[in-house]
Amino acid sequence: MKLDNIPLNNKIIKVLKNLEIFELYPPQKEALPHVLKGKNMVLAIPTASGKSLIAYIGIVNKLLIAGGKALYIVPLKALAKEKYEELKSFEVLGLKIGISTGDLDDSDPRLFKYDIIVCTSEKADSLLRHGINWVEKVKVLVIDEIHLINDYERGPTLEIIISKFKALNENIQIIALSATIKNSKELSLWLKAKLIKSDWRPVPLREGVCLKNKITYDNGKTITINENGKKSLEILVKNSIKNNGQVLVFVNTRRSTMSVANNLSSIIDNIINKNEKRELIKIPISIKDSVNEINSIDKKLFNFIKKGVAFHHAGLSSNQRKTVEQCFKKRQIKCIVATPTLAAGVNIPAQCVIIRDLWRYELNYGMRPIPVLEYKQQAGRAGRPKYDVKGEAISIAKTTEQKDQIFDTYILGEPEPIFSKLGSKSALRMHLLSSIATNFVKTIDDIYDFFDSTFYAHQSDTQSLKYDINESLNFLNQNEFIEFKDNIYFATLFGKRTSSLYIDPLSALLLKNAFEKSKCEKPTPFSFINLVCSTPDVRSLYLRKQDFWIEEEAQQLKNEFLLKTPDISSEEYEWFLSDLKTSLLIFDWIEELTEDGIIAKYNVGPGDIHNIIEMVEWLLYASREFARIYSDEYLKILNELITRVHYGCKKELLNLVSLKGIGRIRARALFNENFKTINDLRKVPLERLSKVKTIGAGIAKNIKNQVGENKKKKNTEIYEFFK
DNA sequence: GTGGCAAAGTGTTATTTTCCCAAAT
DNA sequence: ATAACACTTTGCCAC
């Protein structure tokens, strides 16, 4: 259907044409009239078949007619960025686009001036908890990847946001985007939405299973591949690349990503030509970020990239991930070997997808088959629009039985239905508290009514839900998060802070008890690091066989624990050690152990380090807020510690690190050459400064600008007193 | 029989992942 | 459950 035949605002059509969109895909065509009428929608169609565009048009159309705001909710920060950038094209229509994710420079008041706001689900929840004053202005709510309602950790949040917005704003239009799921009908009934379901794809997908040298396709055809001494995976990759394609290989461990990349590297190296190689060699140099240390993962990655292949998993830093993804999109890298993260993230299509592992290790369960939904998401990455006529998704089987099973469950099978996880204890205590703390609900009937509107109630027996709610209310009451008077529930100061700090009530309780009851005589920075690492909000590292050294550390540090240490024979002892391991990592970080040192000592990637730092920093912040209430003698040590964790440095560098463009590395270099204070930097000549290791002329100038006499000294002087 | 080296066999180890705060610019 | 790696044993050849 050509764009010109669509009853749509001309201005919008013009924007679409600028985006080189001249006609709509069939599912888009089907959905559009309903969206334009302002109806609630559930779009259950494959990824990359243009779901977001329908949401964009829906939003823009509504806002141009009725004014107000729209909220676009996504599951990942990286996706928020992607959507934000796509939506920017609509700014010419006079709509302002905003993004709000944890690590971007946006605070709540600023969001008021935006018309379309992109954020993660937790951020949206957090905004609601802080009582934003523009809730009733939200006319359109888009939920991307709504099937994540099925997720134990994050699903309940999604459900709560939807239910709250529906309660606060009766006429809100909800546009839900979903992967194909079995019970999309049920979902659409809950949302009172029009359901559009389709398997249509812009590039057709052919699925197959490879057993030994034979591939059987979903249309019944078989082909045989054979080449001396090569595994079928290697032949598949080779053939695809030779035909001008690109390949994604999915495996189930990080270690495997590297070993498979290694096996493929010489093969791919042989295919690519000299020009391509020249381009590839440039890549590493162009992304070297002089603020960060070059770590061993960088080196490994660059060695592969040189040969046109890369590995990809959550242990990579965000820079490394971005480089791999972008170079693949630019078609410089021919093959990425990845863990399932890649399938859930930003859209990275390839001509051929190879799914080597359909099993995955799960704690307490051993190896289990991955959900069909996940298989479909991985397979769905096959087929690059504009480049490929057909996408190919091949799974690897080892036996005939496996082959048949893959066909039955994955290729011909239907994705699982999704189930609400709101009934879990942790979800209930978290969301009950926040609902009470924001006065969203007051009486027990309010609470029942509200939970009655959730997907959970839509799916399950409400009687048992009432029982679970009461149990959680009792827990919150007994631990002084909430009180109950004259039939009204209200939150205590402690409860309100817990809710607005966005931490698990169990974490809050742990922190509070430590502050009020700890017998630790003289808490050190380590004490507080260990405290926050013991909360359920900080996910601890795995223990391995060679980690016995941690037990010895426990002995050394025995006087610094704020919490009681469990008995060696007790069940909690393993948890304790794994929390301790995480604490020690952070302690090494603030004692300026190099990134590579940490990577080797703890067997983690730079991405893991970054994640742990973020979690610990966030909980230290929360601890400081509780310290204000319960023990302000800890304020100073906590403030200092938060900055040290942020930068990864010793106390003596706090002055220097407060300057922009100066991280732990440069600060250390300056300090070692005896520039220890802001005043030292003010006195030194520019030329001398630019001779310091890791500091060039540009940075030196930058420093001078910041410390120059006429400039404001507010920021830079804050840490002088730590000396 | 012995040294040198590659292939085959045995044993050990570890196992995927995301988001949440506030304040200032 | 299984891949990946480290380590040991076996097999083979030339001398």
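Quick note: numbers below take in every heavy atom, side chains included, and nothing from hydrogens, waters or symmetry partners. Within every chain, numbering begins at 1; the chains are lettered A, B, ... in the order of the sequence lines, protein sequences first and strands thereafter.
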From CD1 of Ile370(A) over to P of dT17(B), roughly how many Å is that when rounded to an integer? 14 Å
How would you label the contact of Arg129(A) with the nucleic acid (heavy atoms, under 4.0 Å): base, sugar-phosphate, or nothing? nothing
Same-atom distance (C1') from dC19(B) to dA1(C), integer angstrom: 31 Å
Any Lys77(A) side-chain N or O less than 4.0 Å from OP1/OP2 of dC20(B): yes
Taken in chain and number order and not counting sequence neighbours, the residues that satisfy ring-ring contact (aromatic ring centres under 6.0 Å, His included) with Phe311(A) are Phe304(A), His313(A)
Flag if over 12 foreign heavy atoms under 6.0 Å of CD, Glu85(A): yes
Would Tyr573(A) and Glu551(A) count as having a side-chain donor-acceptor pair, cut-off 3.5 Å? yes
Run the ring-ring contact (aromatic ring centres under 6.0 Å, His included) check on Phe419(A) and Phe455(A) step by step: do they pass? CA-CA 8 Å; Phe419(A) 287 107; Phe455(A) 190 51; 8.5 Å; no
Cation-pi between Lys512(A) and Phe494(A): NZ/CZ under 6.0 Å from ring centre and within 45° of the ring axis? yes
Measure from NZ on Lys123(A) to P on dA22(B) and round the result to the nearest Å. 7 Å
Among dC20(B), dC21(B), dT16(B), which is the nearest nucleotide to the side chain of Tyr621(A)? dC21(B)
His313(A) NE2 to dT17(B) C1', in whole Å, measures 13 Å
What is the distance, to the nearest angstrom, from the CG atom on Leu158(A) to the P atom on dT18(B)? 17 Å
Base, sugar-phosphate, or nothing for Trp359(A), non-hydrogen atoms under 4.0 angstrom? nothing
Considering heavy-atom distances to DNA chain B, does Leu76(A) or Asn252(A) have its closest nucleotide positioned more toward the 5' end? Asn252(A)
Among dT17(B), dC20(B), dT16(B), the nucleotide that comes nearest once only the side chain of Thr253(A) is considered: dT16(B)
Validate the cation-pi geometry between Lys83(A) and Tyr72(A): distance from NZ or CZ to the six-membered ring centre under 6.0 Å, angle to the ring axis within 45°. no
Can you confirm whether Ser121(A) sits close enough to Arg154(A) that some side-chain heavy atom of one is under 4.5 Å from a side-chain heavy atom of the other? yes
By the 4.0 Å heavy-atom rule, please label Arg539(A) as base, sugar-phosphate, or nothing. base
Can you list every salt bridge (Lys or Arg N to Asp or Glu O under 4.0 Å) pair that touches residues 493-507 of chain A, not counting sequence neighbours? Arg429(A)-Asp504(A), Arg497(A)-Glu625(A)
Output the single nucleotide from dT18(B), dT16(B), dC21(B) whose closest atom is nearest the side chain of Thr339(A). dT16(B)
Please classify the nucleic acid contact of Ser500(A) as base, sugar-phosphate, or nothing, using heavy-atom distances under 4.0 Å. sugar-phosphate
At under 4.0 Å between heavy atoms, what does Lys398(A) touch on the DNA or RNA strands: base, sugar-phosphate, or nothing? sugar-phosphate
Taking the nucleotide of DNA chain B with the nearest heavy atom to each, does Glu617(A) or Arg255(A) sit closer to the 5' end? Arg255(A)
Could you state the atom-to-atom distance from CD of Glu625(A) to P of dC20(B) in whole Å? 18 Å
Side-chain N or O of Ser126(A) versus OP1/OP2 of dC20(B): is the shortest distance under 4.0 Å? no
In whole Å, what is the span from the OH atom of Tyr502(A) to the C1' atom of dA22(B)? 16 Å
Identify whether a stacking contact exists between Tyr361(A) and dT15(B), where the ring centres must be under 5.5 Å apart and the planes under 30° apart. yes
Looking at Ser256(A), I'd like to know whether one of its side-chain N or O atoms comes within less than 4.0 Å of OP1 or OP2 on dA4(C). yes
Any base atoms under 4.0 Å from Ala622(A), or only sugar-phosphate, or nothing? Heavy atoms, all strands. nothing
Which of parallel (below 30°), tilted (30 to 60°) and perpendicular (above 60°) describes Phe528(A) and Phe515(A)? tilted
Quick check with a 6.0 Å cut-off and a 45 degree axis cone: is Lys164(A) positioned over the face of Phe440(A)'s six-membered ring? yes
Any Arg321(A) side-chain N or O less than 4.0 Å from OP1/OP2 of dT18(B): yes
Can you tell me if Thr341(A) touches the phosphate of dT18(B), counting only side-chain N or O atoms and a distance under 4.0 Å to OP1 or OP2? no
Could you run through nucleotides 6-12 of chain B and give me one letter per nucleotide, 5' to 3': B if any protein heavy atom sits under 4.0 Å from the base, S if only the sugar-phosphate is that close, - if neither? -------
Convert the base pairs of DNA chain B into dot-bracket notation, remembering that pairs crossing earlier ones are written with [ ] and that bases paired across to another strand are shown as |; include only Watson-Crick or G-U pairs under 3.5 Å. |||||||||||||||..........
Leu128(A) atom CG is separated from dC19(B) atom P, nearest whole Å, by 19 Å
By salt bridge (Lys or Arg N to Asp or Glu O under 4.0 Å), Glu82(A) pairs with (sequence neighbours left out) none
On the nucleotide dA22(B), are OP1 or OP2 found under 4.0 Å from the side-chain N or O atoms that Arg624(A) carries? no
With sequence neighbours excluded, tell me which residues meet salt bridge (Lys or Arg N to Asp or Glu O under 4.0 Å) with Lys300(A). none
Quick one: is dC20(B) close enough that its OP1 or OP2 comes under 4.0 Å of any side-chain N or O from Thr120(A)? yes
Take the protein atom CG of Leu316(A) and the nucleotide atom P of dT16(B), then report the distance between them rounded to whole Å. 13 Å
